[in-house]
Amino acid sequence: MTVQETLLARLEASQAEIIAIRRHLHEHPEVSFKEKATAAYIRDFYLKLGLTPVPYGEGYGLAVDIDSGHPGPHIALRADFDALAVQEDNDLPFASQNPGVMHACGHDGHTAYLLILARELNALKAQLKGSIRIIHQPAEEVSPGGAKGMIEAGVLTAIEQVLGLHVMSSMPTGSIGYHAGETQTGRSNFTLTFTGKGGHASMPQLANDAIVAGSYFVTALQTVVSRRIDPFDTASVTIGSFDGVGSYNAIKQSVTLKGDVRVMKEATRKTVRAAIEQIIGGIEAMFGVKADLDYDDNYPVLVNDAALTASTVAALKAAALPEVSDIFDCGPQDPSEDFAYYAQEKPSLFFYIGCAVPDGKAHPHHSPDFLLNEDSLIIAAKAAGVAALAALDIK
């Protein structure tokens with residue numbers, strides 16, 4: 001048997017264990033930057049294998065090196081392990097036991113497949129080349145993200161390429177999606193407070209209504225994408241929160257809005273921010289209010305390396321995994337992902353494993369009823385294994 005055949009067979013024999021780990025993690029989710037118990041679980045897993053996890057960054061990130069002892073490439077595999085502040089609405093025997101917290105994005109599955117893949121790669125390390133760094137990253141969901149701190153702490157030192165993947169409930173189980181170049185949006189968030197003068201609803205002339213100013217801002221914001229962005233470019237601007245709660249007969253003195261920006265080019269990020277700041281200045285002048293803007297330019301556009309994408313896709317197609325029915329170019333994806341920070345530093349590839357459940361309903365990521373088809377986890381493990389061996393130039 002080839003190394004690849006041996007690895008795939010070992011992974012297949014461990015499928016039930018991958019699912020068991022995923023279910024344990026799903027029951028015990030922890031939000032970004034507070035994943036203490038999850039990190040301890042990961043650390044204990046490796047210690048039992050005789051491997052020593054190394055902490056990176058100020059959060060709970062850690063990495064393990066699998067060194068073959070032979071010359072060769074030095075690559076990294078990354079998976080995230082944080083959950084979301086979402087109350088689960090699924091009738092599962094392993095539903096979240098932590099009120100208000102849920103693995104609503106599949107990071108429990110990412111962690112489960114990578115733990116077992118790392119174990120099996122370590123068992124075969126004498127037959128490998130170079131080394132593989134296994135990166136378990138916290139806090140993907142919340143800016144500034146866990147990747148940034150781990151990179152600043154040196155997790156990519158001596159690494160030549162980085163591989164990662166994400167399960168996707170919008171793609172059929174059995175499918176693998178990929179895209180070269182600009183693949184996931186860059187993200188910015190902002191908090192904006194307009195302050196005027198409060199007063200009695202019957203005497204508006206003595207007040208300065210912040211709700212009116214905020215409302216005009218929301219309306220004017222719709223011109224940013226429609227009138228400032230090239231129609232062949234991609235951008236979205238969303239106001240997700242308008243905190244104007246008050247009394248029916250009182251004019252609000254201040255309102256706070258929270259917004260989200262997504263772009264597919266870094267140059268577009270600058271255009272959108274400039275347009276938003278220009279509109280804010282106009283609202284201040286028009287309504288005589290004071291604006292306080294906290295603008296956070298965070299996750300970059302995720303750019304997949306073209307050569308690494310091509311070689312990995314070729315390896316996945318050649319592997320002819322029996323569980324995989326389709327390997328396709330899925331095009332750019334709307335969400336943002338802090339894996340983009342790794343891709344800024346090293347040639348990287350982030351690809352997708354379909355995990356849709358066969359009930360005919362939508363179970364979107366970040367929703368209370370997010371569901372993951374556990375058949376997708378063995379596909380993730382095998383696909384990442386094939387990708388890693390290809391990066392190490394091992395058949």
Side-chain angles (χ1 to χ4, degrees), residues 32 61 75-82 105-107 110 114 135-152 155-156 159-171 176-189 229 233-238 260-273 296-313 316 327-355 364-366 380 383-384 387-388 391:
S32 304
I75 69 167
L77 299 177
R78 172 270 198 179
D80 40 19
F81 61 80
D82 55 327
C105 202
H107 298 182
H110 299 170
L114 188 56
I135 299 174
H136 288 281
Q137 182 210 300
E140 185 277 326
E141 298 288 1
V142 176
S143 174
K148 196 170 185 179
M150 293 187 75
I151 292 168
E152 290 171 352
V155 77
L156 294 184
I159 297 300
E160 298 163 21
Q161 295 178 329
V162 187
L163 296 163
L165 61 79
H166 206 298
V167 294
M168 293 294 280
S169 65
S170 58
M171 297 180 186
I176 297 177
Y178 68 89
H179 187 68
E182 294 162 336
T183 299
Q184 290 197 218
T185 58
R187 186 185 76 185
S188 304
N189 304 119
I229 304 302
D233 196 358
T234 299
S236 68
V237 182
T238 300
D260 178 273
V261 175
R262 307 287 170 136
V263 298
M264 195 52 82
K265 296 178 181 176
E266 288 300 327
T268 307
R269 183 195 298 273
K270 297 177 182 177
T271 301
V272 171
R273 179 168 182 169
D296 178 20
D297 273 320
N298 45 72
Y299 296 1
V301 175
L302 195 161
V303 181
N304 279 332
D305 181 78
L308 181 57
T309 302
S311 61
T312 302
V313 170
L316 288 169
I327 300 175
F328 70 108
D329 187 336
C330 59
Q333 299 297 299
D334 296 317
S336 303
E337 164 64 63
D338 79 344
F339 185 88
Y341 287 118
Y342 300 105
Q344 282 189 324
E345 301 293 328
K346 306 289 180 178
S348 300
L349 170 61
F350 196 70
F351 60 104
Y352 310 98
I353 305 297
C355 72
H365 294 258
H366 293 209

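Just so you know, residue 1 is the first one in the sequence shown, and it goes up from there.
Contact annotation: the side chain of Glu140 never approaches that of Ser32 to less than 4.5 Å [non-hydrogen atoms, C-beta and beyond]. Proximity of Glu152 to Tyr341: side-chain heavy atoms (C-beta onward) are nowhere separated by under 4.5 Å. With contacts defined as side-chain heavy-atom distances shorter than 4.5 Å, the pair Ile176/Leu316 qualifies. Using a 4.5 Å heavy-atom cutoff, the side chains of Asp82 and Pro138 are not in contact. The shortest distance between side-chain heavy atoms of Pro347 and Glu160 does not fall below 4.5 Å. At least one side-chain heavy atom of Ile135 sits under 4.5 Å from a side-chain heavy atom of Met150. Taking 4.5 Å as the limit, every side-chain heavy atom of Cys330 sits out of range of all side-chain heavy atoms of Tyr178.
Put simply, OG1 on Thr268 and CZ on Arg273 are 15.0 Å apart, with the number rounded to the nearest 0.5 Å. Interatomic distance, Gln344 CD to Leu302 CG, rounded to the nearest 0.5 Å: 9.5 Å. Atoms CG and CZ, from Asp296 and Arg187 in turn, are 7.5 Å apart once rounded to the nearest 0.5 Å. With values rounded to the nearest 0.5 angstrom, Met264 atom CE is found 9.5 Å from Asp233 atom CG. The CG atom of Asp80 lies 3.5 Å from the NE2 atom of His107; values are rounded to the nearest 0.5 Å.
For the pair Asp329 (side chain) and Gly177 (backbone), a donor-acceptor distance under 3.5 Å is absent. Remark: the backbone N or O of Ala147 is paired with a side-chain donor or acceptor of Asp338 at under 3.5 angstrom. The main-chain N or O of Ile159 is found under 3.5 Å from a side-chain atom of Lys346 such that the two form a donor-acceptor pair. In this structure, Asn298 contributes its side chain and Pro144 its backbone to no donor-acceptor pair below 3.5 Å. At distances below 3.5 Å, not a single donor-acceptor pair connects side-chain atoms of Thr309 with backbone N or O atoms of Ala307.
In terms of heavy-atom proximity, His365 sits nearest to Met168 at NE2-CA, 3.5 Å. Listed here is the closest heavy atom pair of Val272 and Val261: CG1-CG1, 3.6 Å. Summarising the geometry of Pro300 relative to Ala340, their closest heavy-atom pair is O-CB, 3.4 Å, with the distance given to 0.1 Å. Of all non-hydrogen atoms in Cys355 and Val167, the two that sit nearest each other are SG-CB, 3.8 Å. Nearest heavy-atom pair, Ala383 versus Ile353, reported as atom, atom and distance to 0.1 Å: CB-CD1, 4.1 Å. The two residues Arg269 and Gly186 come nearest to each other via the heavy atoms NH2-CA, 3.7 Å.
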For this session: Applying salt bridge (Lys or Arg N to Asp or Glu O under 4.0 Å), run through Arg78 and Glu337 and close with a yes or a no.
Result: CA-CA 12 Å; Arg78 172 270 198 179; Glu337 164 64 63; 2.7 Å; yes

For this session: In sequence, state the C-alpha distance, the side-chain angles, and the governing distance for Asp305 and Ser348, and then conclude on side-chain hydrogen bond (donor to acceptor under 3.5 Å, both in side chains).
Result: CA-CA 6 Å; Asp305 181 78; Ser348 300; over 6 Å; no

For this session: May I have the step-by-step check of side chain to side chain contact (heavy atoms under 4.5 Å, CB included) for Ile229 and Thr271, ending in yes or no?
Result: CA-CA 8 Å; Ile229 304 302; Thr271 301; 4.0 Å; yes

Problem set entry | Step-by-step side chain to side chain contact (heavy atoms under 4.5 Å, CB included) determination, Glu141 to Cys105 | CA-CA 9 Å; Glu141 298 288 1; Cys105 202; 3.5 Å; yes

Exercise. What's the verdict on side chain to side chain contact (heavy atoms under 4.5 Å, CB included) for Val162 and Phe339, showing C-alpha distance, side-chain angles and the deciding distance?
Worked result: CA-CA 9 Å; Val162 187; Phe339 185 88; 3.7 Å; yes

Problem set entry | Evaluation steps, side chain to side chain contact (heavy atoms under 4.5 Å, CB included), between Thr312 and Leu163 | CA-CA 10 Å; Thr312 302; Leu163 296 163; 4.3 Å; yes

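A donor and an acceptor atom, one from each side chain of Gln137 and Tyr342, are located under 3.5 Å apart. For the residue pair Asp260/Thr238, the side-chain donor-acceptor check at 3.5 Å is not satisfied. For the residue pair Thr183 and Asn304, a side-chain donor N or O sits within less than 3.5 Å of a side-chain acceptor on the partner. Judged purely by distance below 3.5 Å, without hydrogens or angles, the side chains of His166 and Gln333 never pair a donor atom with an acceptor atom. Side-chain contact, Arg262 with Ser336: a donor N or O sits under 3.5 Å from an acceptor N or O.
Ring orientation note: the planes of Phe81 and His136 are tilted relative to one another, at an angle of 30° to 60°.
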